[in-house]
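Heads up: the structure comes next, in structure tokens.
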Amino acid sequence: MYNVLLVDDEKYAVKGLAAGMDWEALGITAVMEAYDVGQAKELLSEREADIVILDIEMPGQSGLNLAEWLREQHPHAEVIFLTGHANFNYAQQALSMGAFRYLLKPVDHERLAEIILQLLDKIRSEREMQDYRSVYRKYYSLWESQKPLLVERFWQEVIQGRTAFLSGKLDAALRQYDIPLAAEDRLFPVLISIEQWQQDFGARDEEIMEYAIRKAAEELVLDGSPGMVVGERSGSGLILFYRSAAGEAEAAAEGATLEEKCMSFIQSCNEYFHCRLSCYIGGEVGITGLEEAYQRLLEAERANVTRTNSVIIPSAAGKPATRPAPPPPLAEWALLLDNGGRGELTEQLNRYFSRLEKEELSVETLQAVYFGLAHLCLDSAVKKGVSLGEALDGREEAMTLSPVKSLAALRQWCGRLLEQYWTGAAVHGEPHQQSSIIAKIKEFAQQHPQEELGREQLASHVFLNPAYLSRLFRKETGQSLTEYVLEVKIGHARRLLEESNLKVGAVAEAIGYTHFSYFAKLFKKMTGLSPHEYRKKHRRLP
């Protein structure tokens, strides 16, 4: 049986978890409680815990400090983090410390119970494996650590046509890698295409997020079915289902269809991994036909420039003929660039892209806009001494042409390019208009204190790329968008506490916080006083 330790500086949160879960039904025999890191260490010195459920934010030493100590002193203890912040930095640190899950408060007891059952299965499996490895540790450990990489490499060679299927060799390879298939079996390929990151990630962070997306595909798309997510050339993934058409139909009859699972996966990636992506579903195919099927999916991905964030099933009949899209009016754009017609050019671009949204487009149309506008800006920039280095981002972006993967991506890139152009032009004597953008953002935030404003919503209000807006806002104001939005919310709360008779809980709800203790903690952090103390000290009503 198993022991659990609950750690949170909010006593009622600990008591709520202790009393609200059916621990015995989960196989937990003892539930220990601690209200700070020091108390948790004392308990663990007396008794081992199999699972530690802890809050990240605590006064003094944080949950991250305790997790680091656990990794050194109690490496077999599994960790589940709780926090009131949906913050990628927290998630990244939690993952780096080997946390099993990262949950937002308030905790859904049913979801926590599911995670604990999964974790107990993992613990049991690991303990059984430890017993087995005690006999065959040296050779078994070496093979098991390398096998997933070897299996992935096998499938990569298959889909890239680097494997010759001689008589009997395919069956031998499948047996060697413990792949539950025979040479004559058929399966389903699904291509994941990451179209657009909605946050400004560095290269290392993108690798972490791509890995997380592949793991999510295993959980949500494979959904327990035999198969594998294979990394492919663009950092996306190719899912291979080891299942016949009859097996796929049976699985769909019992639950969600493959298309529905892919759509759920896309929505989860939008919410948790800050990206837009599409899934291209291929038809049933034999192993020897995978290379051709994979190329068809890649061609469908390349040809699709209008549908994003979608499940796409390429037609076996091939790509239908389309009428030519209207060419970009480059001559008019050039005149507006040279003559400083910023507002009119922005309007023309918006009208042109709105028109393209109604057309059947090819990638060549997007390339024409991409290269045409880039050439115009570079030509005009050379004349004025304007630097476009940040907007064009060197040779790599020009080689990969990532902005032409979709119409939405190209539209954002054009906005970023022109913003960089006008910024440089302002340095060389043309009107500087960035302050108006910042003013619009500030006005919008001040008018919507009750909303949870993220970078994407703020950026869409001024038609800019979210990552670019973040850099621009910090450069102009010296603070991040998140810091400013929080400052506006707390400022609104202070005025309500000073000038109204609203209860403190209603004040919290008025600025978008339904979790009172979290609001109170933020308020005290910003003002040095609790909401009640602040009202008592600053109240203006008679």
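Starting from 1, each residue takes its place in the sequence as its number. Because the structure is a prediction, the values reported are computed rather than measured. FYI, side chains are in, hydrogens and waters are out, and symmetry mates aren't considered; it's all heavy atoms of this structure.
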Could you check if a side-chain atom of V221 sits within less than 4.5 angstrom of a side-chain atom of L258, using non-hydrogen atoms only?
yes

So, taking the atom named CG in L290 and the one named OG1 in T288, what distance separates them when rounded to the nearest 0.5 Å?
8.0 Å

Taking the basic N atoms (NZ, or NE/NH1/NH2) and the acidic carboxylate oxygens, is any pair closer than 4.0 Å for R127 and D50?
yes

Would you find a donor on one side and an acceptor on the other, under 3.5 Å apart, between the side chain of E483 and the backbone of S480?
yes

Could you go step by step and tell me if L120 and Y2 meet the side-chain contact (heavy atoms from CB on, under 4.5 Å) rule?
CA-CA 8 Å; L120 291 176; Y2 304 92; 3.7 Å; yes

Heavy-atom count around E110 CD within 6.0 Å, excluding the residue itself: above 12?
no

Counterpart residues, salt bridge (charged side-chain N to carboxylate O under 4.0 Å, His left out), relative to R111 (two or more places apart)
E114

What I'd like to find out is whether the side chain of I116 reaches to under 4.5 Å of the side chain of I80, using heavy atoms alone.
yes

Is the NZ or CZ atom of K489 positioned over F519's six-membered ring, under 6.0 angstrom from the centre and within 45° of the axis?
no

Between D55 and G63, is there a donor-acceptor pair closer than 3.5 Å when you use the side chain of the first and the backbone of the second?
no

Indicate yes or no for a side-chain donor-acceptor contact from S310 to the backbone of R307 under 3.5 Å, with no hydrogens or angles considered.
no

Indicate whether any N or O donor in one side chain lies under 3.5 Å from an N or O acceptor in the other, for Q457 and E451.
yes

Side chain to side chain contact (heavy atoms under 4.5 Å, CB included) partners for H375, two or more places apart:
none

Check: L220 main-chain N/O paired with D223 side-chain donor or acceptor under 3.5 Å
no

Under 3.5 Å, side chain of N309 to main-chain N/O of R276, donor-acceptor pair present?
no

Answer whether the closest heavy-atom distance between the side chains of I511 and Q450 falls below 4.5 Å.
no

If we ignore hydrogens and angles and just use 3.5 Å, is the side chain of Q156 paired with the main-chain N or O of G231 as donor and acceptor?
yes

Could you check whether K215 pairs with E218 (Lys NZ or Arg NE/NH1/NH2 to Asp/Glu carboxylate O, under 4.0 Å)?
yes

Side chain S264, main chain E260, donor-acceptor under 3.5 Å:
no

Determine whether the aromatic ring centres of W155 and Y294 lie less than 6.0 Å apart.
no

I56 side chain near L82 side chain, heavy-atom distance below 4.5 Å
no

Heavy-atom donor-acceptor pair, S225 side chain to L222 backbone, under 3.5 Å:
yes

Side chain to side chain contact (heavy atoms under 4.5 Å, CB included) involving E357 - partner list, sequence neighbours excluded:
L407, R411

Report the relative orientation of the aromatic rings in F473 and Y484; use parallel for angles under 30°, tilted for 30 to 60°, perpendicular for over 60°.
tilted

Above 12 or not: heavy atoms from other molecules or residues under 6.0 Å from CD of Q447?
yes

Please answer whether the main-chain N or O of V52 pairs with a side-chain N or O of E78 as donor and acceptor at a distance below 3.5 Å.
no

Show the numbers, then the answer: is there a side-chain contact (heavy atoms from CB on, under 4.5 Å) between V190 and Y280?
CA-CA 6 Å; V190 178; Y280 295 78; over 6 Å; no

Backbone N/O of V229 and side chain of R214: donor-acceptor pair under 3.5 Å
yes

